[in-house]
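See below for the structure under consideration.
Each residue takes its place number in the sequence, starting with 1. In what follows, every heavy atom counts, from backbone to side chain, and hydrogens, waters and symmetry copies are set aside.
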Amino acid sequence: MKIGLYAILTALLIAGSYFAGAKMDNPLLAYAAGATLTLILFLWNMSRYAKKAAQRKYRERMFQQHMRMTLRNQWH
């Protein structure tokens, strides 16, 4: 859900920079600045999401390992 929200927000910011550039005499600066800023923000949010997902996966793997060891030690 959050990824979709970030993608929509990024698209809105890029569209805003496009429309702001359409009103300017030299629109290339607005296009470049808006696209660069929003892509940096989007990539930063995606990297945060990837780090959280990796941490979640690591915790799940450790829990599974703990449960396997606990189950094995019950019978000995």
About how many Å separate NZ of K51 and CD of Q55, when rounded to the nearest 0.5 Å? 11.5 Å

If you look only at distance, which donor and acceptor atoms sit under 3.5 Å apart when one is on a side chain in residues 24-46 and the other is two or more places apart or in another chain?
| residue | atom | partner | partner atom | Å |
| --- | --- | --- | --- | --- |
| T36 | OG1 | A32 | O | 2.6 |
| T38 | OG1 | G34 | O | 2.8 |
| T38 | OG1 | A35 | O | 3.2 |
| N45 | ND2 | L41 | O | 3.3 |

Going by chain and number, the hydrophobic cluster around L5 (ILVMFWY, side chain to side chain under 4.5 Å) further includes none

d(R61 CZ, Q64 CD) to nearest 0.5 Å is 11.0 Å

Out of curiosity, Y49 OH to R56 CZ, how far, rounded to the nearest 0.5 Å? 6.0 Å

